[in-house]
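Some notes on the structure that comes next.
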Amino acid sequence: MSVGFIGAGQLVHALVKGFSAAGVIATHRITASSPETGLSTATRLRKMGVNLTTSNKETVKSSDVLFLAVKPHIIPFVLDEIGPDIEERHLIVSCAAGVTISSIEKKLLQHQSAPKVMRCMTNTPVMVREGATVYATGMHADLEDGKLLEQLMSSVGYCTEVEEDLIDAVTGLSGSGPAYAFTAVDALADGGVKMGLPRRLAVRLGAQALLGAARMLLDSEEHPGQLKDNVASPGGATIHALHVMESGGFRSLLINAVEASCIRTRELQHLADQEKISAAAIKKTTLKKVLQQPGVSGTGVTVRTGISLNSPSSKHK
Amino acid sequence: MSVGFIGAGQLAHALVKGFTAAGVIAAHRITASSPDTNLPTVAELRKMGVNFTISNKEATHKSDVLFLAVKPHIIPFVLDEIGPDIEDRHLIVSCAAGVTISSIEKKLLQYRADPKVMRCMTNTPVVVREGATVYATGTHAEVEDGKLLEQLMASVGFCTEVEEDLIDAVTGLSGSGPAYAFTALDALADGGVKMGLPRRLAVRLGAQALLGAAKMLLDSEEHPGELKDQVCSPGGASIHALHLLESGGFRSLLINAVEASCIRTRELQFLADQEKISPAAIKKTTLDKVLQQPGISATSVATKNRVNLFNNRSGVKKV
């Protein structure tokens, strides 16, 4: 089995690193493409033994499972470009936040009668094989396709199937979650340093405390509140600290964060569904590189402003 | 080597669970003592094959490394009780927040010329072998004693030696840290549930996201800010969320928390050093059980009001 990635950025790098550490697939059976050869992640992918190309079409030809790992607004361009090259064996897995399975199927149906499409939301800790992934299955993808994806993604962390309408909420929680955690550790370390600890030790202890607590919760049947109670001894240091957190509305800030990320995801999806992506969303230099690929014609990739990109008639200007 | 625990509560339970999972010591070579047999952790310890006793003296006799895992204000009573039973081989490791090595040494010097004392601050994730532990070494403990403790504690997570004056700050950060994390996870799950996720899935995803991020940070040379940048794509969902966190002073709340826990720890230490612990701090029923132990006399355990507990003359009752 070969795996391809359209895109060679952070997510691709993280997934490849995780997959190869897990041993589920050898790097030489992985192809990644990007018109942007200057990306630092592209260099790292090359070093890992991944086949790197500037041609998305080449990636499609070299793969069975094809991950779409580009930014949401790029997806329509990519689908137009690779549509003609999709074959029956291909399983298309979109990782783009807010891009619906039906919008992808709609585009691919111009080229294939039963495109196998899945959608997943993962996160960067797949890099250390502790990712959190959910996926939803499109109309023409089978149970086995789901199992295959689950096998791949389970090798790099937690993975479960969900109904597609939950994916935006998952984005807000575990998709963006690592960013909340990095911010928290930075702040905890600041607290430690304020009270006299050297920075390195403070970062280490803060991250270790979070990791240990998360591990305890995952391994336990108990409610997080119960585990919190177990740590907070009467009149002790911990309950004093908890009080100041509650006074500042700590919990509320985190609920706000999950909500904001989820809402923004839905916003991006809505903008895409409105089918009015400005071609200014894609750099002219990038577009030029794409157009220079063999097999890609100007009519295969829409370049005019205000064109409906997801409409079946997009080929006809 | 045998390990003993004075105290059979949350911490003793967590350490025993971690040590036995790590295979560094067999449960039958561990003894734990507490006058309170009703604690739920006591039943768990028994189930694990630990020797449980109500006699602190017995736990002392049966161990080489002796952890003091009781609340800070109980420490003086315990030291008075077991002081006469400490031998050359004993390594005393206090886990009590805010109790200084020198206060313990002072007490034990009534009974021995060179008591080997160490102090550690650990946390409950030792139970899943992902603890964070620091320790400081007392006047008479050797480098080998430090290495022995480090070996034990490293089997259940991160462990490093520090200067004793950093331990209160560590308490504020990684000692209390899991409580901050559990609170955060509860809130993150609430957020997920608000946006439509089932509770179980929300808890699972939140915990997995924190775990993964923490692991990335530990495995990386990069600054947390750098890792945060990498997750935040331009105009994307994450940066929108982060803005709200910053607007609400999220970072500041965490700094406040670490500070508050550290300050409270120092307060507790100060109260103890003032040497004015009221015996009202210990339950009469508990004290009664302790006094019923063979070898314990009323004079060896201070029972009157306002007795100076850390004073060398505490064996003499004030009347």
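As a basis for the values below, the full set of heavy atoms in this structure was taken, side chains included, without hydrogen atoms, waters or symmetry mates. Small disclaimer: the values here were computed from a predicted structure and weren't measured.
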Report the relative orientation of the aromatic rings in A/Phe67 and A/Phe5; use parallel for angles under 30°, tilted for 30 to 60°, perpendicular for over 60°.
parallel
For [X], which atoms come within 4.5 Å of any heavy atom of chain B: side chain, backbone, both, or neither?
{"X": "A/Val128", "result": "both"}
{"X": "A/Thr160", "result": "side chain"}
{"X": "A/Ala184", "result": "both"}
{"X": "A/Ser233", "result": "side chain"}

Assess the residue pair B/Phe19 and B/Met153 against the criterion (side-chain contact (heavy atoms from CB on, under 4.5 Å)); give the C-alpha distance rounded to whole Å, side-chain angles, the decisive distance to 0.1 Å, and a yes or no.
CA-CA 8 Å; B/Phe19 288 158; B/Met153 300 310 294; 3.8 Å; yes
Tell me which of these, [options], has more heavy-atom pairs under 4.5 Å with chain B than the rest.
{"options": "A/His240, A/Arg266, A/His223", "result": "A/His240"}
{"options": "A/Val231, A/Thr265, A/Leu173", "result": "A/Leu173"}
{"options": "A/Val162, A/Leu210, A/Leu218", "result": "A/Leu218"}
{"options": "A/Pro198, A/Ser247, A/Ala260, A/Gly177", "result": "A/Ala260"}
{"options": "A/His243, A/Glu246, A/Lys71, A/Met195", "result": "A/Met195"}
{"options": "A/Gly175, A/Gly236, A/Gly235", "result": "A/Gly235"}

When you measure from the side chain of B/Thr20 to the backbone of B/Lys17, do you find a donor-acceptor pair of N or O atoms at a distance under 3.5 Å?
yes
Tell me which of these, [options], has more heavy-atom pairs under 4.5 Å with chain A than the rest.
{"options": "B/Ala189, B/Gly131, B/Ser252, B/Gly196", "value": "B/Gly131"}
{"options": "B/Leu185, B/Thr124, B/Leu11, B/Leu188", "value": "B/Leu188"}
{"options": "B/Val170, B/Val127, B/Asn123, B/Thr171", "value": "B/Val170"}
{"options": "B/Ala179, B/Ser247, B/Ser220", "value": "B/Ala179"}
{"options": "B/Ala213, B/Ala97, B/Gly172, B/Gly249", "value": "B/Ala213"}

Under 4.5 Å heavy-atom distance to chain A, tell me which part of [X] shows up: side chain, backbone, both or neither.
{"X": "B/Ala184", "value": "both"}
{"X": "B/Thr160", "value": "side chain"}
{"X": "B/Arg129", "value": "neither"}
{"X": "B/Ala202", "value": "both"}
{"X": "B/Asn256", "value": "both"}
{"X": "B/Val193", "value": "neither"}

Roughly how far, to the nearest 0.5 Å, is the [atom2] atom of [Y] from the [atom1] atom of [X]?
{"X": "B/Arg204", "Y": "A/Tyr158", "atom1": "CZ", "atom2": "OH", "answer": "5.0 Å"}
{"X": "A/Met48", "Y": "A/Thr41", "atom1": "CE", "atom2": "OG1", "answer": "9.0 Å"}
{"X": "B/Phe270", "Y": "B/Ile263", "atom1": "CZ", "atom2": "CD1", "answer": "14.0 Å"}
{"X": "A/Cys262", "Y": "B/Leu197", "atom1": "SG", "atom2": "CG", "answer": "8.0 Å"}
{"X": "A/Gln226", "Y": "A/Glu221", "atom1": "CD", "atom2": "CD", "answer": "13.0 Å"}
{"X": "A/Lys228", "Y": "B/Phe182", "atom1": "NZ", "atom2": "CZ", "answer": "11.0 Å"}

Before you tell me yes or no, could you show the steps for B/His223 and A/Asp186 under side-chain contact (heavy atoms from CB on, under 4.5 Å), namely the whole-Å CA-CA distance, both residues' side-chain angles and the distance that decides it to 0.1 Å?
CA-CA 8 Å; B/His223 189 284; A/Asp186 204 8; 3.6 Å; yes
For chain B, find its close neighbours in residues 10-19 of chain A: heavy-atom separation under 4.5 Å, sorted by number, or none.
A/Gln10
Criterion side chain to side chain contact (heavy atoms under 4.5 Å, CB included) against B/Leu68, the qualifying member of B/Ile74, B/Ile6, B/Val99
B/Ile6
Would you mind reporting whether A/Leu227 and A/Leu217 have side-chain heavy atoms less than 4.5 Å apart?
yes
Quick one: does A/Asp219's side chain get under 4.5 Å of A/Met216's, heavy atoms only?
no
State whether B/Arg119 and B/Asp165 are salt-bridged, where the test is any N-O pair (Lys NZ or Arg NE/NH1/NH2 against Asp/Glu carboxylate O) under 4.0 Å.
no
Indicate yes or no: does B/Lys215 engage B/Glu130 in a salt bridge with an N to O separation below 4.0 Å.
no
Intermediate values then yes/no, side-chain contact (heavy atoms from CB on, under 4.5 Å), A/Val134 and A/Leu166:
CA-CA 9 Å; A/Val134 301; A/Leu166 297 187; over 6 Å; no
Are A/Thr100 and A/Gln269 close enough that a side-chain donor and a side-chain acceptor fall under 3.5 Å?
no
Show every donor-acceptor pair shorter than 3.5 Å between a side-chain atom in residues 227-234 of chain B and any protein atom, with sequence neighbours excluded, or say none if there are none.
unit_1   : atom_1 : unit_2   : atom_2 : d
B/Gln230 : NE2    : B/Glu222 : OE2    : 3.0
B/Gln230 : NE2    : B/Glu226 : OE2    : 3.3

When you look at A/Ile75 and A/Val70, which way does the side-chain contact (heavy atoms from CB on, under 4.5 Å) test go after all the steps?
CA-CA 7 Å; A/Ile75 294 282; A/Val70 289; 3.7 Å; yes
Taking only residues at least two apart or on different chains, which pairs with a member in residues 174-198 of chain B satisfy side chain to side chain donor-acceptor pair (under 3.5 Å)?
A/Thr238-B/Ser176, A/Arg251-B/Asp186, A/Glu259-B/Lys194, B/Ser176-B/Ser261, B/Asp190-B/Arg199
With a 4.5 Å heavy-atom cut-off (strictly below), which parts of residues 239-246 of chain B touch chain A? List them by number.
B/His240, B/Ala241, B/Leu242, B/Leu244, B/Leu245, B/Glu246
